[in-house]
Structure formats: C-alpha cells, structure tokens
Amino acid sequence: MAEAREEETVSAEASGFSDLSDSEFLEFLDLEDDEKLCASLSKPGSSSELPEKDDKPLSLQNWKRELDVLSPMERFHLKYLYVTDLSTQSWCELQMAYEKELPGDLKPEKAAVLNTGASIHLARELELHDLVTISVTTKEDAWAIKFLNILSMIPTLQSEGRIREFPVFGEVEGMFLVGVIDELHYTAKGELELTELKTRRRAMLPLAAQKKKDCFQVSLYKCIFDAMVQGKVTPASLIQHTKLCPDKPLGPSVLRHAQQEGFSVKSLGDLLELVFLSVTLSDLPVIDILKIEYIHQETATVLGTDTVAFEEKEVRGKVQHYMAYWMGHREPQGVDVEEAWKCRTCNYKNICEWRRSGGVLSSALEPQHKKAK
DNA sequence: ATTGCTAAAGGG
C-alpha cells in the first residue's frame, strides 16, 4: 500500500519576505510603535515627508481597523483550524496567538528536536506503507489526495488491523478541525485503539502541563473520528467550511493516481461522496481507547504510556472556551502564575503583553530584592 | 490584486 503525499510547489523567491502582501507586512509589524511603522512604510524616495497623523496610508488605516473589528479567524484568513492549533493553544493561548501574528524562526536547538521527532514519526509511518509524491497545484488537488488516502486506509485497517497517519476532519462545537491521527489499530480484544507517539529529547517523563496538552489533542481526534464514522461529517459540511469547489477539475497527476487506485472519479465531489460512504459503511467503531506513548529520542526507550480518560463534556467545554478567542469574543490569555515557567522558553517573552500587564506577576518571574531593613 | 490563502505535526 502506498500513501500519496502531495508535493510542495514553492518557488525559491516565495519563501522569504517577498511573499508578504501589504496587509500581511503590516501585521508583521504589529507591535512596533507608530513612528517606526510609518518610517518603514514610507518609500525610500519620499523620506522627507512622513505621513501626517490623520493622513496615514490607507493600508495603515485598514490595518488599524482590522485589529479592531476582525476576529482572529478573519485576520489570519483562516477557514478552519488544525487540531494542533488547539493543543498549542492549551499550552499557552497567547504564545499561540503571537506565533500566528508574528511567525518567526524557531531556535535552531528547538528546530533540531522537532526535526528528530518528525523523522522518528516518518520512520514509523514507513513501516506500514510507502510514500508516493504527487504534485498538486490547487487546494482541491490537495484534498483529493487526502481523500484517496482515506479510501485506501480504511480497508487496510479492517483487513490488517493497523494504519498510520490517518487524516480526520469535521466540526467540533461549531469549528471545523483538520488533523492527522498517528496510529489506529485493533487490540487483541478487538477494540479500536488510537496511539499518539510523543518523542522527547530528555529521558524523563513529561510534566503535567505537557500531558494535559497531549490528552486534549488525542481527545480531539476521537471527537472528530467518531463524528466521521457516525455520519455527522457530511460532504456538504466539508464543502461549506473549506470553500472547496467540488466540481473543479482535478489535476492530471491526481486523476492518474486515483485511476491507479481503482477509483473512477472525475471531480473532488465524486471522491468526497466515496469517502462519506466508505467512512460510514465500513463498520468502523468509534475509538475505544486513547493512548499516548512517550519515548526518548536518542535511545528509543519507552518513558511511559498513558491511557487517556475521554471526558467528552470537558473536552467540548474547552473547545468552546478556545473558540471564543478565535471568534473574537475575548482577548487571548497568557498562562496562570503557577505555569509562568513556560515563559522561560517562549520566543515572545520580551514582547508579551500578558507579562507586561501583570497577568503573570513579575515577582514570580524576576524576584525583586527584598527591601533593605 | 481595492486580492487570496492552509501540510499537520514536530517538543516544551
């Protein structure tokens, strides 16, 4: 079995600053003060006259208004969220918001740990199937690949009992979520078990805060997967949330691959109908068991395995709370004082409004010297 | 372009 993987088609010049449009560039400068902002916006040739207070460039006014009236979903041009957006949000909502607003490079050391984790995941994936590169140009093509993967993976799960990197999507508490389940398999007892692998740089068990985030992540997967097999994720809902064009012709490489897999489809809509039928009529159960396995990156030692108690009410309540931020119904929050240690490794600690305004007591972070007696 | 848009997860 071969899983299709879409190819990135990014040109070299589109990877740097040049792909930022005016409005995005302004977002990038969000936290600069107005003077600096105006200065960097003025053209080199006309540096003598900075815009007057009430004669600002139109784009700047738009930017100001954007921040005032648009929800984060609108500001970041998002139609749906990734599961990991929400689990990152549960680590620190404000850090997650800064990452969206001011996406920067992560520190090389951190990137290395993530890359190691990604390769370990890839190695595990390759144990179960091959990868095929398929070039895609439209988002319809990209979703078609996702659908083809689902169509080939469901029969594999039912016949061989195990699949990895299974795509899931669906509405949870009004928000459309997209994610990928690490692994699904049937246990000896015939229960459907989800396992999420987490690799760690240091050979120690995760702190409670880390576990909490990971539990939330796998709980979201269960919400989405269960909704899919129960027929609650309809083709119409997918189309409505993603704004995909079901009738747009698929690219030739995608069509060729679909044919190779034995699917006679001409459009994304056709594929979507097939996916709906396959997901709902393949006798897939809801997920019975949620497990998280923590392993040490260097030695592959199992550090611990947690079985997650699925608390549906609690999970949905949490999603509702996080949605209030995304819909612009409330400001993003930083961490509680007890978790201020998270700020130590945060890229945004120096500009963080939460820290500045005392959401985290400064004394908890930088103990003041006791007053002289 | 007075515009449009998504690879999810990767670890702390």
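The chains referred to below are lettered A, B, ... by the order of the sequence lines, with proteins before strands, and numbering in each begins at 1.
Side chain A:Q95 to base B:dG12: a donor-acceptor pair is found below 3.5 Å.
Both geometric conditions, a ring-centre gap below 5.5 Å and a plane tilt below 30°, are fulfilled for A:Y80 over the base of B:dT6.
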Task: CA sep, side-chain torsions, deciding dist, call: A:K213, A:E339, salt bridge (Lys or Arg N to Asp or Glu O under 4.0 Å) - done: CA-CA 13 Å; A:K213 164 182 176 276; A:E339 294 196 330; over 6 Å; no
Task: Chi angles and distances behind the ring pair (Phe, Tyr, Trp, His ring centres under 6.0 Å) call for A:F216, A:Y322 - done: CA-CA 12 Å; A:F216 183 51; A:Y322 292 148; 5.6 Å; yes
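When heavy atoms are screened at a 4.0 angstrom cut-off, A:S119 is found touching no nucleic acid atom at all. The residue A:I181 sits apart from the nucleic acid: no heavy atom pair falls under 4.0 Å. Residue-level contact check: A:D182 touches the backbone only, with heavy atoms under 4.0 Å from sugar-phosphate atoms and none from bases. No contact: A:R344 has no heavy atom under 4.0 Å from any strand. Contact annotation for A:E339: no contact, since no heavy-atom pair falls under 4.0 Å across all strands. Within 4.0 Å (heavy atoms only), A:Y221 reaches sugar-phosphate atoms of the nucleic acid but no base atom. Residue A:L78 is in base contact, counting any heavy-atom pair closer than 4.0 Å across all strands shown.
Protein atom CZ of A:F147 is 14 Å distant from nucleotide atom C1' of B:dA7, rounded to whole Å. Rounded to a whole Å, the CZ atom of A:R201 is 13 Å from the P atom of B:dG11. At whole-Å resolution of the value, NZ in A:K213 and P in B:dG10 are 8 Å apart. At whole-Å resolution of the value, CD in A:E109 and C1' in B:dG10 are 15 Å apart. Here the C1' atom of nucleotide B:dA9 and the CZ atom of A:F216 are 16 Å apart, to the nearest Å. Here B:dA7 presents its P atom at 16 Å from CD1 of A:I150, a figure rounded to the nearest Å. Between the OH atom of A:Y294 and the P atom of B:dG10 there is a distance of 11 Å, given to the nearest Å. The interatomic distance linking A:W143 (CH2) with B:dA7 (C1') rounds to 11 Å, in whole Å.
Rounded to whole Å, the separation between the P atoms of B:dG10 and B:dT6 comes to 22 Å. One C1' atom belongs to B:dA1, the other to B:dC5, and the distance between them is 13 Å to the nearest Å.
Nearest to the side-chain atoms of A:K139 among the listed nucleotides B:dC5, B:dG12, B:dA9 stands B:dC5. Out of B:dG12, B:dT6, B:dA9, the shortest distance to the side chain of A:K79 is found at B:dT6. Comparing B:dG11, B:dG10, B:dC5 against the side chain of A:Q217 picks out B:dG10 as the nearest. Listed candidates were B:dG10, B:dG12, B:dA8. Nearest to the side chain of A:K198 is B:dG10. Closest contact between the side chain of A:W91 and the listed nucleotides B:dA8, B:dG11, B:dG12 involves B:dG12.
Along DNA chain B, the nucleotide nearest to A:V180 and the one nearest to A:S87 differ in position, and the one closer to the 5' end is contacted by A:V180. Each of A:M73 and A:R200 was matched to the nucleotide of DNA chain B holding its nearest heavy atom; the match closer to the 5' end belongs to A:M73.
Across A:Q158, A:R162, A:E193, a single residue satisfies side-chain hydrogen bond (donor to acceptor under 3.5 Å, both in side chains) together with A:Y186, and that is A:Q158. Of the candidates A:Y80, A:F276, A:W143, A:W143 is the only one forming a ring-ring contact (aromatic ring centres under 6.0 Å, His included) with A:F169.
Contact between the side-chain N/O atoms of A:T199 and the OP1/OP2 oxygens of B:dG11 is found at a separation under 4.0 Å. For A:K146 and B:dA8, the shortest distance from a side-chain N or O to OP1 or OP2 is below 4.0 Å. Between A:H121 and B:dG10 there is a side-chain polar atom (N or O) within less than 4.0 angstrom of OP1 or OP2.
The cationic atom of A:K100 (NZ for Lys, CZ for Arg) does not lie both less than 6.0 Å from the six-membered ring centre of A:F76 and within 45° of the ring axis.
Using bins of under 30°, 30° to 60° and over 60° for the plane-to-plane angle, the ring pair A:Y348/A:Y98 lands in the parallel bin.
With 3.5 Å as the limit, one finds a donor-acceptor pair spanning the side chains of A:H129 and A:E125.
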